[in-house]
Amino acid sequence: MHTDVLVVGGGLGGVAAALAALRAGRSVILTEEFDWLGGQLTSQGVPPDEHTWVEQFGVTASYRALRDGIRDYYRRHYPLTARSRAAKELNPGAGYVSKLCHEPRVAVAVIDSMLAPYRANLKLQVLQPYRPVNATTDGDRVTSVTVCHRDTGEERTLTAPYILDATETGELLPLTGTEYVTGFESQAMTGEPSAPVEAQPLNMQAVSFCFAVDHVDGDHVGDKPANYAFWRNYQPPFWGDRMLSWHAPDPRTLKPSLRSFTPNPDDDPLSVVADQRKAGGDTNLWTFRRIAARQHFEPGAYASDICLVNWPMIDYLEGPVFDVPDALKHLQGAKELSQAVFYWLQTEAPRPDGGAGFRGLRMRGDLLGSSDGLAQAPYIRESRRIAAEYTIVEQDLSVAVRGSRGAVEYVDSVGVGMYRIDLHPSTGGDNYIDVASSPFRIPLGALIPQRVENLLPASKNLGTTHITNGCYRLHPVEWNVGEAAGLLAAFCLDRGTTPRAVRNSPALLVEFQSRLSDQGVELSWPDVTGY
């Protein structure tokens, strides 16, 4: 199969890349290995992690259309109360992590609707569920990618002038021989204040298998999961208690912190203010990532709130899930940890009344499109990352380094983003790294490999370090990276040029940035201060 732009990976970056190239008049093949498009927002189950100003500015027009579409879907199809239906900034879950916490399946429906016209006119072909298994190259160009059907084993060979790697872990990089890095770089390599003295390529952020729960009458406890005894007593040296407890380090101070868990509080969902600038929102785990607040809906529509479990205790620290021979063992271990956490919640978790266990908790795998109760895919925080023409480092945007100057203002900006430098505990035994960041730009140089000419990163695999990945990995930034990559591929085809030439030719760069602006991609920030 041949197309103008091949996008491998149907997460947020892949969807944005496909839409951008399609809007530019190009044909696209989009592949995805799981049953849902949308990646971390859908098959991984994670509500969007976004910055303080997301309702006003700081995201692309197409990402805003996705957010607006999710709210409109609720207004059209869900039995909202009149008061909630009228809320301009409706937050269906009234979660504290984001101004828009919602059920993943709603995002799937909106993404599918955004792509539908292009599937109908055959400009877009979606191959699902397929994952890449091989690639061919000719010198510094990728000539083909072979994908394999997850269930049948059928293989297809795909060719295109431009190939975008939007996989969750940068899977095309080793397949194509594209130079890349993983894990911690050393201080000597990057000069970053938070980097270690020696490089640690297998020291990566934890992965997590998220799951959704509600709490209703009855006893819903099932069989004790495999290796429960191991996980029940598991205690990292820096944790301060067993992981299966209400204690965990505060990400920002690293001091021991006590979480609370109170199913179905009688709170007013319209009074919830989600603002990452003020706090992480994770002190009450029920409302932290709640995706359905029952009080938003007509009486009786929901028997319970629904909350998405993406909490400290499900972070898997025993090993990375790629570039190691036992990757599958660690993926299975991450599943076992989440299953153990759920069983602990049902049977042993301390309750406010002095008892133990919340036996009315149910897993809601139906909301995640899975049969085992867990999300279809692991939540991947850190990918392989290209060795890029420009690598974004901590001192480009850290408030501690930059102070009132704000982040470096890259002249080759292709978008913007904002989030704290937020790294979860890692497979090398490191605690959180969570430090203040300035609102930043996305440099085109971070999307261009040092050698390969026609492969572009379109997800979390751009030229960041382990440290700066912590703020470039979030939902709206991944979308912007993908959108910029898709537009860049289309622009290069239109102009008969290359990504490297676009960056290094002032006239071409200005023309490309103008095209980005025309599509609603913001290239700079107003005068706002980081947090």
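These numbers come from a predicted model, not from an experiment.
At least one side-chain heavy atom of C492 sits less than 4.5 Å from a side-chain heavy atom of T497. Counting heavy atoms from C-beta outward, L345 and V213 have side chains that stay 4.5 Å or more apart. Using a 4.5 Å heavy-atom threshold, the side chains of I448 and V502 count as separate.
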For this session: I would like to know whether E168 and V207 meet side-chain contact (heavy atoms from CB on, under 4.5 Å); could you show each step before the answer?
Result: CA-CA 11 Å; E168 298 298 320; V207 304; over 6 Å; no

Exercise. Under the side-chain contact (heavy atoms from CB on, under 4.5 Å) criterion, do L487 and F512 qualify, and how do the steps go?
Worked result: CA-CA 8 Å; L487 281 170; F512 176 57; 4.1 Å; yes

For this session: Decide yes or no on side-chain hydrogen bond (donor to acceptor under 3.5 Å, both in side chains) for S370 and Q376, but give the supporting numbers first.
Result: CA-CA 6 Å; S370 72; Q376 295 174 30; over 6 Å; no

For this session: For side-chain contact (heavy atoms from CB on, under 4.5 Å), just list the numbers for L37 and T42, CA-CA rounded to whole Å, side-chain angles, deciding distance to a tenth of an Å, and then say yes or no.
Result: CA-CA 7 Å; L37 297 175; T42 60; 5.8 Å; no

Problem set entry | From CA spacing to verdict: side-chain contact (heavy atoms from CB on, under 4.5 Å), L447, I442 | CA-CA 9 Å; L447 272 64; I442 302 168; 4.1 Å; yes

Exercise. Please walk me through it: do E55 and K99 pass salt bridge (charged side-chain N to carboxylate O under 4.0 Å, His left out)?
Worked result: CA-CA 8 Å; E55 303 292 351; K99 298 177 188 296; over 6 Å; no

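Looking at N454, its side chain does come within 3.5 Å of a backbone N or O of V142 through a donor-acceptor pair. In this structure a side-chain-to-backbone donor-acceptor pair under 3.5 Å is missing from D422 to D434. In terms of modelled atom types and a separation under 3.5 Å, the side chain of T176 and the main chain of L172 share a donor-acceptor contact. Here the side chain of S413 pairs a donor or acceptor atom with the backbone of G415 at under 3.5 angstrom. Between the side chain of R385 and the backbone N or O of G170, no donor-acceptor pair lies under 3.5 Å. A donor-acceptor pair under 3.5 Å is formed between the side chain of T465 and the backbone N or O of I467. Here the side chain of E522 pairs no donor or acceptor atom with the backbone of V416 at under 3.5 angstrom. D35 places no side-chain N or O within 3.5 Å of a backbone atom of G369 that could act as its donor or acceptor partner. Proximity of a side-chain donor or acceptor of R105 to a complementary backbone N or O of L367 within less than 3.5 Å is not detected. Within the 3.5 Å criterion, the main-chain N or O of T182 finds no donor-acceptor partner in the side chain of R384.
One finds a salt bridge joining D49 and R289 here, because a Lys/Arg side-chain nitrogen approaches an Asp/Glu carboxylate oxygen to under 4.0 Å. The pair R451-E179 counts as a salt bridge, with a side-chain nitrogen and a carboxylate oxygen less than 4.0 angstrom apart. A salt bridge is absent between K460 and E382; no separation between the charged side-chain nitrogens and carboxylate oxygens falls under 4.0 Å. Of the charged side-chain nitrogens involved, at least one lies within less than 4.0 Å of a carboxylate oxygen, so that R503 and E389 count as a salt-bridged pair. Of the charged side-chain nitrogens involved, none lies within less than 4.0 Å of a carboxylate oxygen, so that D140 and R500 do not count as a salt-bridged pair. A salt bridge links D72 with R75: the closest approach of a Lys/Arg side-chain nitrogen to an acidic carboxylate oxygen falls below 4.0 angstrom. Taking the charged nitrogens against the carboxylate oxygens, R441 and D412 have no contact shorter than 4.0 Å, which rules out a salt bridge.
Listed by first and then second residue, the ring-ring contact (aromatic ring centres under 6.0 Å, His included) pairs involving residues 363-382 amount to none (not counting sequence neighbours). A ring-ring contact (aromatic ring centres under 6.0 Å, His included) check over residues 3-40, counting only residues at least two apart or in different chains, returns nothing. Residue pairs meeting the ring-ring contact (aromatic ring centres under 6.0 Å, His included) criterion with at least one member in residues 139-185, sequence neighbours excluded: Y130-H149, F184-H466. The list of side chain to side chain donor-acceptor pair (under 3.5 Å) pairs with a residue in residues 201-212, not counting sequence neighbours, reads Q200-N203, N203-S426, N203-D430, S208-D315, S208-R381.
Not counting sequence neighbours, the partners of N121 by the side chain to side chain contact (heavy atoms under 4.5 Å, CB included) test are Y118, K123. When the salt bridge (Lys or Arg N to Asp or Glu O under 4.0 Å) test is applied to D214, the partners found at least two apart in sequence or on another chain are R362, R364. Evaluation of the side-chain hydrogen bond (donor to acceptor under 3.5 Å, both in side chains) rule for S144 yields T136 as partners, not counting sequence neighbours. Considering only residues two or more places apart in sequence or on other chains, S517 meets the side chain to side chain contact (heavy atoms under 4.5 Å, CB included) condition with L523. The side chain to side chain contact (heavy atoms under 4.5 Å, CB included) search around P92 returns Y74, L90, L100, H102, not counting sequence neighbours. Take Q450 and apply the side chain to side chain contact (heavy atoms under 4.5 Å, CB included) test, not counting sequence neighbours, and it matches A387.
Classified by interplanar angle (parallel below 30°, tilted 30° to 60°, perpendicular above 60°), the ring pair W53/H51 is tilted. The aromatic rings of F297 and Y78 sit tilted relative to each other, their planes meeting at an angle between 30° and 60°.
With respect to R156, the side chain to side chain contact (heavy atoms under 4.5 Å, CB included) criterion is satisfied by exactly one of L127, T31, I29: L127.
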Which donor-acceptor pairs under 3.5 Å do the side chains of residues 9-23 make with protein atoms, sequence neighbours left out?
residue	atom	partner	partner atom	Å
R23	NE	Q519	OE1	2.8
R23	NH2	E483	OE2	2.9

Using residues 327-343 as the side-chain source, report each donor-acceptor pair under 3.5 Å to any protein atom, sequence neighbours left out, with the distance given to one decimal.
residue	atom	partner	partner atom	Å
H330	ND1	Y316	OH	2.7
H330	NE2	D326	OD2	3.3
E336	OE1	N227	ND2	2.7
S338	OG	F209	O	2.6

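Rounded to the nearest 0.5 angstrom, H475 NE2 and Y419 OH are separated by 9.0 Å. In this structure, I291 CD1 and S98 OG are separated by 12.0 Å, a value rounded to the nearest 0.5 Å. The line from OH of Y410 to CG of L397 is 6.0 Å long, rounded to the nearest 0.5 Å. A distance of 11.5 Å separates OG1 in T498 from CG in L493, rounded to the nearest 0.5 Å. Interatomic distance, L444 CG to L456 CG, rounded to the nearest 0.5 Å: 9.0 Å. To the nearest 0.5 Å, atom CD1 of residue I163 and atom OG1 of residue T3 are 10.5 Å apart.
Residues P132 and E171 share a closest heavy-atom pair of CG-OE1, 3.7 Å. Summarising the geometry of A446 relative to P457, their closest heavy-atom pair is O-CG, 4.1 Å, with the distance given to 0.1 Å.
With hydrogens and angles left out, the side-chain atoms of N480 and T60 include no donor and acceptor closer than 3.5 Å.
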